[in-house]
Visitor: 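One structure coming up, written as structure tokens, with questions to follow.
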2 protein chains.
Amino acid sequence: MAKKSEQLSARQRQIMQFIRHFTAERGYMPSYREIGDAVGLSAVASVSYQLKQLSDNGYLSRDENISRSIDLKIDLPDSEASPWNVEEENQIPIGDAALIPLVGRIAAGGPITAEQNISEYYPVSRQLTGKGDFFLLTVSGDSMIDAAICDGDLVVIRKQPTAENGDIVAALLNDEATVKTFRQRDGHTWLLPQNSAYEPIVGDHATIMGKVVSVLRKL
Amino acid sequence: MAKKSEQLSARQRQIMQFIRHFTAERGYMPSYREIGDAVGLSAVASVSYQLKQLSDNGYLSRDENISRSIDLKIDLPDSEASPWNVEEENQIPIGDAALIPLVGRIAAGGPITAEQNISEYYPVSRQLTGKGDFFLLTVSGDSMIDAAICDGDLVVIRKQPTAENGDIVAALLNDEATVKTFRQRDGHTWLLPQNSAYEPIVGDHATIMGKVVSVLRKL
DNA sequence: CCATCTTTCGAACGTTTGTTCGATTTAGAA
DNA sequence: TTCTAAATCGAACAAACGTTCGAAAGATGG
């Protein structure tokens with residue numbers, strides 16, 4: 001008789017992987033006939049048979065008489081492990097959007113997105129942010145006006161501890177958050193305003209909070 | 001009465017949330033009858049009707065004649081202890097956001113947000129838009145650079161047939177959409193670029209599509 | 001070789017499911 | 001009020017779907 005947790009047969013592995021790919025692409029489960037077509041089983045009953053084995057061994061579950069009710073319990077490794085494991089501590093993804101906290105006062109020391117600093121969450125399209133861990137800052141002053149960033153603008157900042165030359169960053173300098181262009185030269189870190197009325201700042205002791213990835217403005 | 005149906009009725013919101021809960025619990029999509037039972041629609045056809053609306057507006061997709069093939073495009077937050085939340089007015093509120101269509105080519109004549117023009121929906125915080133009926137336009141060129149609106153920026157436009165002096169508007173001029181500052185003087189309508197390299201345009205024959213209320217930029 | 005178990009097949013069956021159509025009700029504007 | 005569009009209903013229908021059953025083909029071991 002079929003014994004306990006036997007190893008999966010080639011066919012069963014084939015089915016498991018097809019289900020995974022199908023759901024990834026289409027967003028819902030395949031029917032028995034679709035599975036059969038994909039793995040080369042001409043009889044629905046054969047699919048039913050294999051699915052019963054998989055179900056009995058805990059690889060998946062399904063609800064009787066309900067179409068497309070397969071529920072995979074195990075992700076059979078195809079190959080990959082994704083290195084893009086971003087820690088999201090405060091965002092709740094809304095479909096195509098991310099909820100990003102607007103940070104009020106910036107206090108040196110503690111975590112930037114500590115709860116008491118958050119006044120509100122803004123939904124922002126992922127198209128505008130990309131992947132990562134974000135927070136929002138309200139721009140104060142017009143030191144970045146030549147970069148088309150105005151007083152009152154909201155900037156979406158992806159948390160990261162450093163930056164590349166030319167990036168616009170949010171930095172913590174003397175307990176104050178500021179948005180400037182990042183530049184390293186002569187062994188020094190500079191925070192450059194984009195407004196000829198302002199002078200470059202030596203940022204050697206500044207803390208880079210993250211990189212500005214989007215700008216939001218309400219007129 | 002605009003037949004736009006770009007908004008989310010209480011019932012549609014109800015359906016969206018039920019689908020989300022159902023899939024979270026069961027691991028697959030509900031059938032039309034299950035949806036009907038849950039939200040109080042005794043006729044499958046009514047569910048079909050509502051689902052078509054949701055599908056047309058990009059909230060979900062489904063494959064014809066395939067059971068349980070609903071694919072949610074947006075996760076509506078539960079939000080409510082008061083499920084029968086009615087806030088009609090205009091755009092689709094996602095919790096705190098509105099889903100706004102990005103309009104591609106602008107053709108004179110037909111409705112701006114005709115379906116074939118819409119390439120995608122962006123969630124935008126209501127804080128950035130206020131109330132109204134909106135669409136999104138991609139800015140082309142740097143004629144508004146002094147207003148801190150750059151090439152490639154997305155502008156949120158509230159539909160309105162006219163504007164006030166000083167408003168930044170989207171106007172249709174010779175089958176082309178353009179973003180300029182609106183000004184009426186000497187009995188003429190002017191569309192002013194905010195870039196000294198460009199000349200003011202006589203906008204007497206231009207069609208005002210709406211007013212720019214927000215700017216979104218991905219860096 | 002035979003015996004046994006596994007796997008596949010094909011067909012039939014009953015159920016589930018999405019669609020269609022016309023009629024009715026509801027809601028809002030004129 | 002009357003008119004129009006949206007929303008709902010009910011019934012009927014065809015397609016899609018999972019289950020069952022008997023038979024046949026492989027596979028494995030003695």
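Residue numbers start from 1 in every chain, and the chains themselves are labelled A, B, ... in the order their sequence lines are given, proteins ahead of strands. A quick note: this is a predicted structure, and the numbers were derived from the prediction, not measured.
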Visitor: How close or far is atom C1' of C/dT16 from atom CE of B/M29, stated in whole angstroms?
Guide: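 Atom-to-atom, B/M29 to C/dT16, this comes out as 18 Å.
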
Visitor: Check for a donor-acceptor pair, side chain of B/N165 on one end and backbone N or O of B/Q184 on the other, with a separation under 3.5 Å.
Guide: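 It does hold such a pair.
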
Visitor: C/dT8 C1' sits how many Å from A/Q53 CD, rounded?
Guide: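 Spelled out: CD on A/Q53 to C1' on C/dT8 is 13 Å.
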
Visitor: Whole angstrom is fine here: how far is it from OH in B/Y28 over to P in C/dT16?
Guide: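 It is 12 Å, rounded to the nearest whole Å.
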
Visitor: Under the salt bridge (Lys or Arg N to Asp or Glu O under 4.0 Å) test, which residues partner B/D71, sequence neighbours left out?
Guide: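 Result, salt bridge (Lys or Arg N to Asp or Glu O under 4.0 Å) vs B/D71: B/K73.
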
Visitor: Could you tell me how far apart A/R68 (CZ) and D/dA15 (P) are, to the nearest whole angstrom?
Guide: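 Rounding to the nearest Å, CZ of A/R68 and P of D/dA15 are 16 Å apart.
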
Visitor: Under a 3.5 Å distance rule, please check whether A/R11 uses its side chain to pair with a backbone N or O of A/L41 as donor and acceptor.
Guide: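 No; judged by distance alone, with no hydrogens or angles, the pair does not exist.
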
Visitor: Determine the minimum heavy-atom distance between B/L173 and B/L191, stating which atoms define it.
Guide: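 What the structure gives for the nearest pair is CD2-CD1, 4.4 Å.
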
Visitor: Choosing from D/dC17, D/dT20, C/dC9, which nucleotide comes nearest the side chain of A/L41?
Guide: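 Between D/dC17, D/dT20, C/dC9, the one nearest the side chain of A/L41 would be C/dC9.
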
Visitor: When you compare the protein's N or O atoms with those of nucleotides 10-14 of chain C, which come within less than 3.5 Å of each other, and at what distance?
Guide:
{"residue": "C/dG10", "atom": "OP2", "partner": "A/S42", "partner atom": "OG", "Å": "2.8"}

Visitor: Under 3.5 Å, is there a donor-acceptor pair between the side chain of B/D204 and the main chain of B/T189?
Guide: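 Pair found, side chain donor or acceptor close to backbone of B/T189.
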
Visitor: When you get a sec, tell me which of D/dT19, C/dT6, D/dC9 is the closest nucleotide to the side chain of A/Y49?
Guide: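 Nearest nucleotide to the side chain: C/dT6.
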
Visitor: Quick one: ring pair (Phe, Tyr, Trp, His ring centres under 6.0 Å) partners of A/Y49, sequence neighbours excluded?
Guide: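 Residues passing ring pair (Phe, Tyr, Trp, His ring centres under 6.0 Å) with A/Y49: none at all.
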
Visitor: Report the distance from atom CG of B/L51 to atom C1' of D/dA7, rounded to the nearest whole Å.
Guide: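 About 14 Å, once rounded to whole Å.
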
Visitor: Between the protein and nucleotides 23-27 of chain C, list every N/O to N/O distance that falls short of 3.5 Å.
Guide:
none

Visitor: Which of residues 60-67 of chain A have a heavy atom under 4.0 Å from DNA chain D?
Guide: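 Residues of residues 60-67 of chain A that come under 4.0 Å of DNA chain D are, in numerical order, A/R62, A/E64, A/N65, A/I66, A/S67.
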
Visitor: If the cut-off is 4.0 Å, is A/Q50 near the phosphate of C/dT8, judged by side-chain N/O to OP1 or OP2?
Guide: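 Yes, within the criterion.
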
Visitor: Is a side-chain N or O of B/T23 found less than 3.5 angstrom from the main chain of B/I19, in a donor-acceptor match?
Guide: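 Yes, the answer is positive, given that a donor and an acceptor are paired below the 3.5 Å cut-off.
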
Visitor: Indicate whether OP1 or OP2 belonging to D/dT19 is found under 4.0 Å from a side-chain N or O atom of A/S48.
Guide: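 A/S48 to D/dT19 OP1/OP2: side-chain N or O found under 4.0 Å.
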
Visitor: Side chain of B/S67, backbone of A/S67: donor and acceptor closer than 3.5 Å?
Guide: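 Pair absent, no side-chain N/O of B/S67 close to backbone of A/S67.
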
Visitor: Rounded to the nearest 0.5 Å, how far does CZ of A/R20 lie from CG of A/L72?
Guide: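 With rounding to 0.5 Å, CG (A/L72) is 8.5 Å from CZ (A/R20).
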
Visitor: Nearest 0.5 Å, please: how far is CG in B/L51 from OH in B/Y32?
Guide: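 With rounding to 0.5 Å, OH (B/Y32) is 4.5 Å from CG (B/L51).
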
Visitor: Can you tell me the distance, in whole Å, between the CD1 atom of A/I19 and the C1' atom of D/dG18?
Guide: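 Checked: the CD1 to C1' distance equals 14 Å.
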
Visitor: On a heavy-atom basis, which atom in A/L216 and which in A/V124 lie closest, and how many Å separate them?
Guide: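 For A/L216 and A/V124, the tightest heavy-atom pair comes out as CD1-CG2, 4.0 Å.
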
Visitor: Enumerate the residue pairs fulfilling salt bridge (Lys or Arg N to Asp or Glu O under 4.0 Å) with a member in residues 21-46 of chain B, sequence neighbours excluded, ordered by first and then second residue.
Guide: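 Every pair satisfying salt bridge (Lys or Arg N to Asp or Glu O under 4.0 Å) with a residue in residues 21-46 of chain B: A/D63-B/R26, B/E34-B/R68.
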
Visitor: Report the distance from atom CG of B/D37 to atom P of C/dG18, rounded to the nearest whole Å.
Guide: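 Distance, rounded to whole Å: 12 Å.
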
Visitor: Please report, rounded to the nearest Å, how far the P atom of C/dC9 is from the OH atom of A/Y32.
Guide: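 About 16 Å, once rounded to whole Å.
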
